A.B. asks: 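Sharing a structure with you now.
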2 protein chains.
Amino acid sequence: MRTTGTPESPVPSGSSHLLRTINERAALYHLLENDTLTRVELRKLTGLAKPTASQVMLRLFESGLAVTLGRTTAKQVGPRAEVYSVNADHAFAAAVTLHEPDGVTVAIRDLKGRERASSTRRIDFTAVPVDRAVQNMLSATTRDAGIDFARIAVVHLAVPGAYDAETDTIGYADIPGAPEVHMREAIETYMGCPVTIHNDVNAATVAERRNPSVSGGLVLLWLGREGIGTGIDLSQGLIVGARGAAGELGYVPVYPDRTGPDDPTYQDWIGPPAVIELGRAHGIEGPDAAAVMTAAVKQGAEGFLNAYADRVAGALHLLTCLLDPPSLVIGGEIARAGGETLVDRVRRHAEALAERILPSAVYGDAVAIGVLDLAYEDLKHRVLDTALA
Amino acid sequence: MRTTGTPESPVPSGSSHLLRTINERAALYHLLENDTLTRVELRKLTGLAKPTASQVMLRLFESGLAVTLGRTTAKQVGPRAEVYSVNADHAFAAAVTLHEPDGVTVAIRDLKGRERASSTRRIDFTAVPVDRAVQNMLSATTRDAGIDFARIAVVHLAVPGAYDAETDTIGYADIPGAPEVHMREAIETYMGCPVTIHNDVNAATVAERRNPSVSGGLVLLWLGREGIGTGIDLSQGLIVGARGAAGELGYVPVYPDRTGPDDPTYQDWIGPPAVIELGRAHGIEGPDAAAVMTAAVKQGAEGFLNAYADRVAGALHLLTCLLDPPSLVIGGEIARAGGETLVDRVRRHAEALAERILPSAVYGDAVAIGVLDLAYEDLKHRVLDTALA
DNA sequence: TTAATAGTTAGATAAGATTACTAACTTATA
DNA sequence: TATAAGTTAGTAATCTTATCTAACTATTAA
């Protein structure tokens with residue numbers, strides 16, 4: 001927001017220019033929210049007078065932020081109203097997901113929120129450095145979709161590990177070379193636009209916001225093929241931590257009086273090792289934890305399911321005592337393999353928490369969806385904040 | 001903020017009136033921040049033109065929000081500038097603290113942030129219902145300080161327990177009658193102003209914001225005489241939980257495979273029972289946990305101190321894995337009794353976390369200070385949001 | 001069936017109101 | 001006498017209300 005106040009103050013001051021900016025921002029906001037808008041609809045939403053609404057739309061059109069899509073098909077008497085819309089090609093949001101140990105997914109959404117391109121590849125990061133690989137993927141995906149590279153206005157990455165924004169370093173990720181690369185700086189220099197990096201579980205947590213039965217925040221317990229984690233997304237927003245290491249339940253010791261390096265952590269207690277070990281104890285085998293869970297559900301292995309569900313319920317109890325979230329979502333490959341059966345067993349073991357527990361409502365790659373949602377939200381905010389100077 | 005848009009939208013629109021409101025809000029904000037302000041100083045802060053600055057100040061004066069304090073003592077040539085200030089008596093913030101089992105503290109701050117009244121009493125809540133007691137204390141304290149009762153614009157309460165804003169009920173508090181009273185409704189009806197209720201540990205956490213070495217958020221581990229708890233105050237603000245029950249570390253089982261009602265929780269592991277029991281094991285006695293800690297420090301009982309510090313460090317490790325806060329503060333009566341000695345021992349047992357661990361920097365009643373800070377901040381926001389319509 | 005007419009809606013234009021800015025002026029003070 | 005505080009007058013930008021034009025639908029009469 002433009003202000004004439006010399007030092008930046010949280011409470012702005014300004015003159016008539018500010019008023020125009022405010023009204024154009026409002027119009028653009030409603031355009032972003034409403035897909036198409038006539039001048040009359042804009043007036044209903046903003047309360048602006050007819051001439052003002054016309055002028056505001058004209059300026060949005062002239063600046064290239066809005067386009068006209070013709071006129072309404074007459075449903076009532078009178079002339080047909082001119083239909084405006086956000087110019088979808090004015091700016092794009094790009095989302096990148098790094099999968100352990102060698103996957104890269106890129107997806108691009110336009111300003112109207114439509115997915116315009118996506119691609120996934122396996123890349124040997126010992127041959128191509130991870131930052132170069134991401135840059136190449138971004139360029140190729142943009143080019144193949146016929147998108148103007150310079151119009152990519154934001155890039156968000158999801159990485160499997162803790163990202164420390166302060167030092168621009170990725171920790172714990174099982175991706176060759178990742179800890180040595182200053183990823184944000186590398187991509188920002190290449191793309192010439194702001195880059196934001198997220199933990200993959202946090203991105204998956206954001207994707208769960210799409211679940212209509214979740215409101216006012218959620219905690220996601222991620223039971224992944226590679227490991228576990230927690231995403232904390234409360235009413236105030238995502239909790240990422242000072243060094244990007246919030247939600248690392250996997251590193252919490254199970255027994256506070258046994259905290260040595262070989263003593264069990266929650267990774268061993270409810271993560272893939274626990275599933276495999278519990279499976280073996282109940283005579284269920286599989287190539288990985290998700291497969292064991294699939295087999296257990298198929299066989300109706302109540303002994304295994306109850307033992308594991310009890311542990312998961314314990315973890316949810318811990319999270320609830322500390323964070324008291326409105327909803328607890330169980331996600332990740334192991335949870336998906338367990339399906340409604342596992343959620344049901346966890347609910348039975350969770351007593352008072354039962355009604356807060358939900359299965360993941362995201363179909364497909366929750367991490368990729370979440371990071372694309374984050375990128376698109378960021379794009380909208382930046383367009384609102386900067387497009388009208 | 002006044003908008004002409006019919007339905008409330010997060011992005012406002014408006015006409016010239018909005019501009020005046022914005023500029024008066026800005027002026028009021030700077031008045032609240034700066035104690036005194038001349039027109040010239042306001043111009044430097046806002047960038048407003050001379051006549052506008054004059055007019056804005058005039059309107060603030062006429063509405064009773066600002067007062068004149070005379071003129072500057074001439075340091076330079078030219079006429080002496082008129083000195084404006086916020087009218088301290090325009091509105092007041094009241095803070096109430098309920099102490100287990102029978103204490104009530106009331107404090108009142110004026111719009112300039114000065115403490116104008118405070119009083120503490122012991123009240124038998126089996127004789128006087130707790131809501132009546134609070135009402136009486138508020139009336140008496142206001143009257144004795146010569147403050148206009150109708151000018152109390154906000155009331156904040158700190159209660160020892162979980163406050164569920166949804167149902168307006170206080171849980172877990174060891175105060176007779178508290179669970180049955182709808183405290184917010186009762187006080188709001190009596191006072192005719194908005195009432196907000198906080199958990200006491202959360203209030204104490206807010207008080208730690210005053211610590212200059214804390215920035216970007218903190219987690220407070222409260223080791224109180226009555227019990228333990230956690231306050232989570234990250235960059236996004238206080239995490240209170242869906243039912244006001246966030247930070248209840250005391251209810252977390254120590255061993256996830258022993259979750260029965262008689263199995264140990266963190267209350268038993270690092271709370272008052274643990275201090276007394278550990279003290280006994282090391283030959284240190286006292287009437288309560290804080291006294292045991294005082295004695296241990298005085299005697300230099302390294303065995304006791306190291307055993308307890310190791311447990312506290314474990315709790316801090318748990319909190320860091322889940323929340324990754326920039327700072328970890330240890331507070332409460334037990335922590336105060338332990339002083340720098342205890343903090344030092346905890347740091348030694350906490351390894352990588354050591355540099356994040358701080359003792360409480362609040363002198364006096366952290367809960368009462370925190371809730372008064374919360375009340376005053378709320379007052380300032382409400383004055384800015386509502387005073388100028 | 002066709003053509004004229006009445007009524008409604010989209011959008012443009014003109015006039016008036018509000019607010020802020022610039023520039024010149026007045027007054028007080030070292 | 002120069003400088004700084006504050007006021008007054010005039011100008012510019014923006015929004016609003018009121019009015020006007022054009023377009024289109026629906027009704028009605030020939």
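Each chain gets a letter, A, B and so on, in the order its sequence line appears, and its residues count up from 1. Not measured: the values here are computed from a predicted model. Side chains included, hydrogens not; waters and symmetry mates left out as well; all remaining heavy atoms used.
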A.B. asks: Assign the ring pair B:Y84 / B:F61 to parallel, tilted or perpendicular, where the plane angle (0 to 90°) is split at 30° and 60°.
C.D. replies: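 The rings of B:Y84 and B:F61 stand perpendicular, inter-plane angle above 60°.
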A.B. asks: Between C1' on C:dT19 and CG on A:L19, what's the gap in Å once rounded to a whole number?
C.D. replies: 9 Å
A.B. asks: Counting only side-chain N and O atoms of B:H17, is one of them less than 4.0 Å from OP1 or OP2 of D:dC15?
C.D. replies: no
A.B. asks: Can you check the B:R20 CZ to C:dA20 C1' distance for me, whole Å?
C.D. replies: 10 Å
A.B. asks: Classify the nucleic acid contact of A:S54 as base, sugar-phosphate or nothing, counting any heavy atom under 4.0 Å across all strands shown.
C.D. replies: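 Answer is sugar-phosphate: A:S54 comes under 4.0 Å of backbone atoms only.
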A.B. asks: If we ignore angles and hydrogens, is there a donor and acceptor under 3.5 Å between the side chains of B:S85 and B:T36?
C.D. replies: no
A.B. asks: Pick the closest DNA chain C nucleotide for A:S16 and for A:P51 by heavy atoms, then say which residue is nearer the 5' end.
C.D. replies: A:P51
A.B. asks: Nearest whole Å is fine: how far is D:dT14 C1' from A:K50 NZ?
C.D. replies: 19 Å
A.B. asks: Does C:dA20 have OP1 or OP2 under 4.0 Å away from a side-chain N or O of B:N23?
C.D. replies: yes
A.B. asks: What I'd like to find out is whether the side chain of B:H30 reaches to under 4.5 Å of the side chain of B:L32, using heavy atoms alone.
C.D. replies: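 Counting from C-beta outward, B:H30 and B:L32 never come under 4.5 Å.
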A.B. asks: Specify the separation, in whole Å, of atom CG of A:L58 and atom P of C:dA12.
C.D. replies: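 Going from A:L58 (CG) to C:dA12 (P), I get 8 Å.
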A.B. asks: Below the 4.0 Å mark, does D:dC24 have OP1 or OP2 next to a side-chain nitrogen or oxygen of A:R80?
C.D. replies: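 Checking A:R80 against D:dC24: at least one side-chain N or O falls below 4.0 Å of OP1 or OP2.
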A.B. asks: Any base atoms under 4.0 Å from B:E82, or only sugar-phosphate, or nothing? Heavy atoms, all strands.
C.D. replies: sugar-phosphate
A.B. asks: In whole angstroms, how far is the P atom of C:dA10 from the CG atom of A:L37?
C.D. replies: 13 Å
A.B. asks: In whole angstroms, how far is the C1' atom of C:dC21 from the CG atom of B:L48?
C.D. replies: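 To the nearest whole Å, that distance equals 10 Å.
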A.B. asks: Strictly distance-based, threshold 3.5 Å: is any side-chain N or O of A:D89 a donor or acceptor partner for the main-chain N or O of A:D110?
C.D. replies: no
A.B. asks: Please tell me which of the listed nucleotides, D:dT19, D:dT7, C:dT19, lies nearest to the side chain of B:R39?
C.D. replies: D:dT7
A.B. asks: Whole Å only: how far is the CD1 atom of B:I22 from the P atom of C:dA20?
C.D. replies: 10 Å
A.B. asks: Would you tell me if any nitrogen or oxygen in the side chain of A:R71 comes within less than 4.0 Å of OP1 or OP2 on D:dA22?
C.D. replies: no
A.B. asks: Using a cut-off of 4.0 Å on non-hydrogen atoms, how would the nucleic acid contact of B:A49 be classed: base, sugar-phosphate, or nothing?
C.D. replies: base
A.B. asks: Expressed as a whole number of angstroms, how long is the span from B:Q76:CD to C:dT29:C1'?
C.D. replies: 11 Å
A.B. asks: Please check: side-chain N/O of A:S9 versus main-chain N/O of A:V11, any donor-acceptor pairing under 3.5 Å?
C.D. replies: yes
A.B. asks: Considering only side-chain heavy atoms of A:P79, which listed nucleotide, D:dA5, C:dA20, D:dA23, is closest?
C.D. replies: D:dA23
